[in-house]
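In what follows, chains are A, B, ... by sequence order, proteins preceding strands, each numbered from 1.
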Number of protein chains: 2
Amino acid sequence: MTVDNYLTDEDRGFLATYDPRAFPPVAVTVDLVVLTVREGELCALLIRRGEPPQRGRWALPGGFVGPGETLDEAAARELAEETGIRAGAHLEQLATFGDPGRDPRMRVVSVAYLALVPDLPTPIAGTDASEARYRPVSDLDGAVLAFDHDRILAEGVERARAKLEYTGLATTFLDEPFTVGDLRRVYETVWGVPLHPANFRRKVLSTPGFVEPTGEKLATGRGWAELYRRGTTAHLHPAIPRPPAA
Amino acid sequence: MTVDNYLTDEDRGFLATYDPRAFPPVAVTVDLVVLTVREGELCALLIRRGEPPQRGRWALPGGFVGPGETLDEAAARELAEETGIRAGAHLEQLATFGDPGRDPRMRVVSVAYLALVPDLPTPIAGTDASEARYRPVSDLDGAVLAFDHDRILAEGVERARAKLEYTGLATTFLDEPFTVGDLRRVYETVWGVPLHPANFRRKVLSTPGFVEPTGEKLATGRGWAELYRRGTTAHLHPAIPRPPAA
DNA sequence: TCAATAGTGTCTATGAGACATTATGCA
DNA sequence: TGCATAATGTCTCATAGACACTATTGA
């Protein structure tokens with residue numbers, strides 16, 4: 001999208017005398033809250049900082065927005081660089097954090113993104129990270145991350161929990177095909193509450209477009225289960241209500 | 001919030017050699033979607049640009065974020081400057097828009113905020129605006145605003161419509177005290193659909209903390225009505241569902 | 001044979017939606 | 001008196017939640 005066609009002659013004259021460097025320096029970054037479900041735990045992708053400031057501390061992956069990039073493009077690039085995922089994952093803007101002093105280098109305004117990815121894409125440590133790992137979010141209570149990343153992570157987790165209620169995004173945590181039990185365990189893990197298997201099954205299958213049956217069955221562990229693929233419905237009607245307590 | 005206590009000696013040495021101006025220049029602004037309900041219409045506060053670029057075009061109010069300001073503080077300052085409102089209105093971050101080329105002057109990343117205000121705070125034209133007015137959002141279909149402000153406004157309106165379902169924010173559109181009918185007309189105006197008065201009343205009054213009775217009655221137009229104040233509940237349980245069609 | 005999970009059926013409580021009825025005050 | 005609105009009460013239908021029961025497979 002460009003607005004060049006809207007430039008008037010007055011605009012062009014004005015721009016010729018305009019000095020962008022007259023403003024105080026600000027950097028714009030994207031930070032990623034990458035969530036996955038792994039071994040019954042909701043996990044976030046974290047990197048151990050390999051450069052100062054706060055070298056050695058765990059932080060969210062992220063980086064500067066390139067001059068020609070949109071914010072969404074910068075987030076997708078960072079996600080690909082850190083996880084190898086180029087498509088299929090869910091990626092949405094979360095919120096923007098810009099308190100003065102949140103980064104000691106300079107004024108840094110960070111646009112946070114939330115990504116939901118299936119289990120086991122092996123994370124890749126970038127150039128400024130010494131290590132990259134998925135860590136359970138339950139291990140991350142209290143101020144343990146660099147900068148204000150604890151707060152960003154908390155907002156991402158809460159957004160993800162809320163979105164499972166009224167969207168079909170829980171399926172983006174799973175590799176296809178999956179069973180209704182797999183999907184239920186995603187909900188139970190993200191929300192941290194047990195759900196009634198029978199009622200959950202009835203609600204999922206009665207929501208058109210949530211999951212699509214493959215017609216196949218899988219013998220897994222005890223018993224067997226029908227297999228499904230992701231549906232096409234983004235918005236769930238009716239929603240799957242989240243039980244009150246955790 | 002500051003992170004200075006976390007600086008290591010290594011950090012301090014690193015910062016001494018750090019040049020913030022090495023990055024391409026970016027400006028950070030806040031833009032405001034200020035919504036109110038007035039004469040049966042959902043209206044947005046717009047200013048007519050008094051300076052280039054796009055002088056004479058209608059735009060959202062907004063401005064640059066000051067060096068020592070948080071983003072929330074900058075938004076609250078702009079809201080006060082344009083409307084005179086210093087407290088009582090609802091103000092929340094909406095989303096961030098940073099496409100290259102969205103502003104012809106330079107790379108501008110704009111953090112959009114959504115404000116819901118009662119009717120009739122007379123808007124104030126700022127230094128860079130020749131005029132400020134509340135205009136019905138129904139008049140603003142199509143690309144009529146400066147920059148990408150049509151898209152920002154659309155997101156703000158949709159956020160407001162969605163939030164009425166599960167929060168008590170509709171009361172922030174009203175001066176106190178108000179009647180249940182007043183509150184219903186807010187919903188009908190924002191959503192653009194008629195609601196059943198009896199069912200609406202039952203749902204509002206059965207939701208604890210949504211509205212608080214004053215015990216007084218008001219003779220208004222035909223008949224009379226009981227008066228209420230805003231309650232304290234932010235989250236509505238159960239939600240007030242939005243009818244499907246518009 | 002037992003255990004664990006998948007899948008099916010049923011009952012109850014709750015709330016949404018629709019409608020009927022009464023009360024009130026102004027034109 | 002007529003009418004528009006507020007306020008109250010009642011009925012039906014859909015769904016959430018709880019529970020019972022059967023089927024299947026591996027230990």
Side-chain angles (χ1 to χ4, degrees), chain A residues 40 164-166 170 174 177-189 191 193-229 233 235-246, chain B residues 40 164-166 170 174 177-189 191 193-229 233 235-246:
Chain A
L164 292 206
E165 289 191 69
Y166 59 92
L174 294 170
F178 51 84
T179 70
V180 174
D182 294 333
L183 186 59
R184 176 172 49 80
R185 277 182 287 275
V186 166
Y187 275 89
E188 290 176 333
T189 301
W191 285 347
V193 294
L195 299 176
H196 291 250
N199 295 336
F200 181 84
R201 175 186 176 80
R202 178 159 40 86
K203 275 185 281 193
V204 167
L205 297 184
S206 68
T207 303
F210 191 4
V211 297
E212 304 290 342
T214 66
E216 295 178 1
K217 293 190 178 185
L218 175 73
T220 170
R222 316 271 200 282
W224 50 272
E226 294 164 4
L227 290 171
Y228 296 86
R229 268 190 285 271
T233 300
H235 228 72
L236 298 186
H237 290 294
I240 298 191
R242 170 161 42 155
Chain B
L164 291 206
E165 289 191 70
Y166 59 94
L174 293 170
F178 51 83
T179 69
V180 175
D182 293 333
L183 186 60
R184 177 171 48 81
R185 276 181 288 275
V186 166
Y187 275 88
E188 291 176 332
T189 301
W191 285 348
V193 293
L195 299 177
H196 291 249
N199 295 337
F200 181 84
R201 175 187 177 79
R202 176 160 40 87
K203 274 185 283 192
V204 167
L205 296 185
S206 68
T207 303
F210 191 5
V211 297
E212 303 291 343
T214 65
E216 297 178 2
K217 293 189 179 187
L218 175 72
T220 170
R222 315 271 200 283
W224 51 272
E226 294 164 5
L227 290 171
Y228 296 86
R229 269 191 284 272
T233 300
H235 229 73
L236 298 186
H237 290 294
I240 299 192
R242 170 161 43 156

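- At whole-Å resolution of the value, NE2 in B:His237 and P in C:dA16 are 13 Å apart.
- In this structure, CD1 in A:Ile240 is found 11.0 Å from CG in A:Asn199, a value given to the nearest 0.5 Å.
- Atom pair A:Phe200:CZ and C:dT5:P shows a separation of 16 Å (rounding to whole Å applied).
- Distance CG (B:Leu227) to P (D:dA6): 12 Å, rounded to an integer number of Å.
- Between A:Arg184 and C:dA6, a side-chain N or O to OP1/OP2 separation shorter than 4.0 Å is present.
- Interface residues of residues 203-213 of chain B facing DNA chain C, ordered by number: B:Lys203; criterion, heavy-atom separation under 4.0 Å.
- With hydrogens and angles ignored, a donor-acceptor pair closer than 3.5 Å exists between the side chain of B:Arg202 and the base of C:dG17.
- Between B:Trp191 and B:Tyr187, the ring planes lie perpendicular to each other; the angle is over 60°, past the 30° to 60° tilted range.
- Nucleic acid contact class of A:Pro238 (heavy atoms, under 4.0 Å, all strands): sugar-phosphate only.
- For A:Leu183 and C:dT5, the CG to P distance is 17 Å, given to the nearest whole Å.
- In this structure, B:Arg201 CZ and B:Glu226 CD are separated by 5.0 Å, a value rounded to the nearest 0.5 Å.
- Between the CH2 atom of B:Trp224 and the NZ atom of B:Lys217 there is a distance of 3.5 Å, given to the nearest 0.5 Å.
- The CZ atom of A:Arg184 sits 10.0 Å away from the OG1 atom of A:Thr189 when rounded to the nearest 0.5 Å.
- When the nucleotides D:dT24, D:dA6, D:dA16 are ranked by their closest atom to the side chain of B:Arg185, D:dA6 comes out on top.
- With contacts defined as side-chain heavy-atom distances shorter than 4.5 Å, the pair A:Leu183/A:Tyr228 does not qualify.
- By the 4.5 Å heavy-atom criterion applied to side chains, A:Pro241 and A:Lys203 are counted as neighbours.
- Of the candidate nucleotides C:dG7, D:dG9, D:dG17, D:dG17 has the atom nearest to the side chain of A:Pro241.
- The end-to-end axis angle of the helix from C:dT1-D:dA27 to C:dA27-D:dT1, rounded to 10 degrees and based on five pairs per end, is 0°.
- Distance B:Lys217 NZ to C:dT24 P: 8 Å, rounded to the nearest Å.
- Atom NE2 of residue A:His237 and atom OH of residue A:Tyr166 lie 11.5 Å apart, to the nearest 0.5 angstrom.
- Atom CZ in B:Phe178 sits roughly 16 Å away from atom C1' in D:dA6 (whole-Å rounding).
- The side chain of A:His196 places no N or O atom within less than 4.0 Å of a non-bridging phosphate oxygen (OP1 or OP2) of D:dG17.
- In this entry the distance linking CG of B:Asn199 with P of C:dT14 reads 18 Å, nearest Å.
- At the phosphate of C:dA6, neither OP1 nor OP2 sits under 4.0 Å from any side-chain N or O atom of A:Arg201.
- Following rounding to the nearest Å, A:Arg242 (CZ) and D:dA16 (P) show an atom-to-atom distance of 16 Å.
- Considering only side-chain atoms of B:Trp224, the nucleotide from C:dT24, D:dA6, C:dG9 that sits closest is C:dT24.
- Side-chain atoms of A:Val180 and A:Pro197, non-hydrogen and from C-beta on, never get closer than 4.5 Å to each other.
- At a threshold of 4.5 Å between non-hydrogen side-chain atoms, the residues A:Thr207 and A:Thr233 do not count as touching.
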